[in-house]
**Student:** 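Structure incoming, see below.
Here is the naming used below: chain letters follow the sequence lines, and residue numbers restart at 1 for every chain. Computed over heavy atoms, backbone and side chain alike; hydrogens, waters and symmetry mates excluded.
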There are 2 protein chains.
Amino acid sequence: MRDRLLEAADRLFYAEGTRAVGIDRVLAEAEAAKASLYSHFGCKDELVAAYVQQRIASARASIEAFVAPIPPCERALRIFDWIVAWVESPDFMGCPLQRVVGEVADARHPARVLAADQRDWLRARFVEWVKAAGVANAPQVATALLVLFDGAVIASVQDGPRRARDARWAAGALLQAAGGGRAEARTSKLRKPGR
Amino acid sequence: MRDRLLEAADRLFYAEGTRAVGIDRVLAEAEAAKASLYSHFGCKDELVAAYVQQRIASARASIEAFVAPIPPCERALRIFDWIVAWVESPDFMGCPLQRVVGEVADARHPARVLAADQRDWLRARFVEWVKAAGVANAPQVATALLVLFDGAVIASVQDGPRRARDARWAAGALLQAAGGGRAEARTSKLRKPGR
DNA sequence: ACACGAATAGACAGACCTGTCTGTTTGACC
DNA sequence: GGTCAAACAGACAGGTCTGTCTATTCGTGT
């Protein structure tokens, strides 16, 4: 029951926004009664938080499954292929976390707290991957890639998937300039580009 | 009168979102009557569109005034200083256009049409600036900087202004790797990094 | 057979939303 | 002074929203 409600909420919240979708719509989609929802989640804000939590869990699982078969030194670049595949999926509507942050003004809202955690997680992954790529200035480059990641997703909402590919290109250029990047590019003449 | 309404709408819509703020709040803030609003704007969606239009106009003016005294070849990089200043302003709440796009699902909404125009304008400016920086692959690099621009703004909402500075660093690295960048960096040994 | 937890349908309260309409007041121009 | 457009206050309709509550039904384990 809880899962059915959450699944319905996920579909509607992601497609139209948490604010645009009322409880009644979720109940109709899940074919559930109002009391079920309120006994499981307490209030709408908690349902939103559960929705965000579920999105985070599935994103982490998806990313980990994607990078698992990829050599660590290539992950920092290849994660942008994951983004491309994501923004090309037919029902792509932007990053659910970015949207919730935009809709909920209060940073202490439970859903926003979860979103902040997820950002820390993602940034830590980037640092890992960039270090594995053999880059000297790993934290700086990792953060740059994180910003590029955010930009790839938000820009694809308006401009289409090509922006994710543009971001991939930029990530490759950054990694190469920083002395890391793909394994086959390791022999580049610029190992320590100063700065 | 129209200006007073628009000014009040701007404050409230930007601070809390167009969906979270009702007509009555705008009227109270502007100390205006309901009939005034509806005679000037027709409906709320048009007020939202007017709000977006005003934000676009002021952003363009601000950017143009900022880059005017800067040598064209430096503008592609220095525009990131403009972003830093913006995200550091105390009432920064993200990009108003990104937020409206996130709130309004329908891409044909008048406000979203305006937002799409503004993106074209911004991208054209980046192409100009990157060309002036003497970069070979100007459109590609310009688009990369546009994505970085988007990422700088959205990432600063959650992570604070440091992300805008990180984006500036990445922009500098990208421009340098592409053979352009600041005038004093022109003598860099890597003119054609081959991709 | 019975008890009990869980789901159901749906009325209801109270608030808020957009948009319309009526009637009044103000102020500028002729 | 007269006229007319614009702004005013605010009631009102009709809808939506969250959240509570009552009363009923279903299924399972004992």
**Student:** Taking atom CD of B:Gln53 as the centre, report whether more than 12 heavy atoms of other residues, nucleotides or ligands fall under 6.0 Å from it.
**Tutor:**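 It does not: B:Gln53 CD has 12 such atoms or fewer within range.
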**Student:** Please determine whether the number of non-hydrogen atoms from other residues, nucleotides or ligands lying under 6.0 Å from atom CD of A:Glu31 exceeds 12.
**Tutor:**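 Counting neighbours around CD of A:Glu31, 12 or fewer heavy atoms of other residues, nucleotides or ligands fall under 6.0 Å, so no.
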**Student:** When you check the gap from the basic side-chain N to the acidic O, do A:Arg25 and A:Glu29 get nearer than 4.0 Å?
**Tutor:**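 Salt bridge flag = no for A:Glu29 with A:Arg25.
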**Student:** Evaluate A:Arg123 against A:Thr143 for side-chain hydrogen bond (donor to acceptor under 3.5 Å, both in side chains), listing each step before the verdict.
**Tutor:** CA-CA 7 Å; A:Arg123 181 150 182 282; A:Thr143 310; 3.0 Å; yes
**Student:** Mind listing the N/O atom pairs, protein and nucleotides 5-9 of chain C, below 3.5 Å?
**Tutor:**
from	atom 1	to	atom 2	distance (Å)
C:dT8	OP1	A:Glu31	O	3.3
C:dT8	OP2	A:Ala33	N	3.1
C:dT8	OP2	A:Ser36	OG	2.8

**Student:** To the nearest Å, give me how far apart CG (B:Leu27) and P (D:dC8) are.
**Tutor:**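 Distance check: B:Leu27 CG to D:dC8 P gives 9 Å.
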**Student:** Once you round it to whole Å, what is the distance between C1' of C:dC17 and CG of B:Asp45?
**Tutor:**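 Taking atom C1' of C:dC17 as the reference, CG of B:Asp45 is at 13 Å.
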**Student:** Return the value, rounded to whole Å, for the distance between atom OH of A:Tyr38 and atom P of D:dT20.
**Tutor:**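 Between P of D:dT20 and OH of A:Tyr38: 7 Å.
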**Student:** Does a side-chain N-to-carboxylate-O contact under 4.0 Å join A:Glu7 and A:Arg4?
**Tutor:**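 Result for this pair is no, no salt bridge flagged.
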**Student:** So, A:Arg112 and A:Asp106, do they make that salt bridge, N to O below 4.0 Å?
**Tutor:**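 Salt bridge: no.
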**Student:** What is the distance, rounded to the nearest whole Å, between atom CG of B:Leu47 and atom P of C:dG19?
**Tutor:**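 Answer to the nearest Å: 10 Å.
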**Student:** To the nearest Å, how far apart are A:Ile23 CD1 and D:dT20 P?
**Tutor:**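 Taking CD1 of A:Ile23 and P of D:dT20, I get 11 Å after rounding.
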**Student:** Report the distance from atom CZ of B:Phe41 to atom C1' of C:dT18, rounded to the nearest whole Å.
**Tutor:**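 Nearest whole value for this atom pair: 16 Å.
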**Student:** Whole angstrom is fine here: how far is it from CG in B:Leu37 over to C1' in D:dC8?
**Tutor:**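 Rounded to whole Å, this separation is 14 Å.
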**Student:** Could you go step by step and tell me if B:Arg125 and B:Glu128 meet the salt bridge (Lys or Arg N to Asp or Glu O under 4.0 Å) rule?
**Tutor:** CA-CA 5 Å; B:Arg125 292 294 78 70; B:Glu128 260 179 35; 2.6 Å; yes
**Student:** CZ of B:Arg25 versus P of C:dA15: gap in Å, rounded?
**Tutor:**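 Whole-Å distance recorded here is 17 Å.
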**Student:** Quick check on contacts: within residues 12-19 of chain B, what sits under 4.0 Å from DNA chain C by heavy-atom distance?
**Tutor:**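 Close to the strand, none.
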**Student:** Give a yes or no on whether a salt bridge exists between B:Arg168 and B:Asp81, defined as a side-chain N under 4.0 angstrom from a carboxylate O.
**Tutor:**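 Yes, this pair counts.
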**Student:** Please work out whether the ring planes of A:Trp82 and A:Trp86 are parallel, tilted or perpendicular, with thresholds of 30° and 60°.
**Tutor:**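 If you compare the ring of A:Trp82 with that of A:Trp86, the planes turn out tilted.
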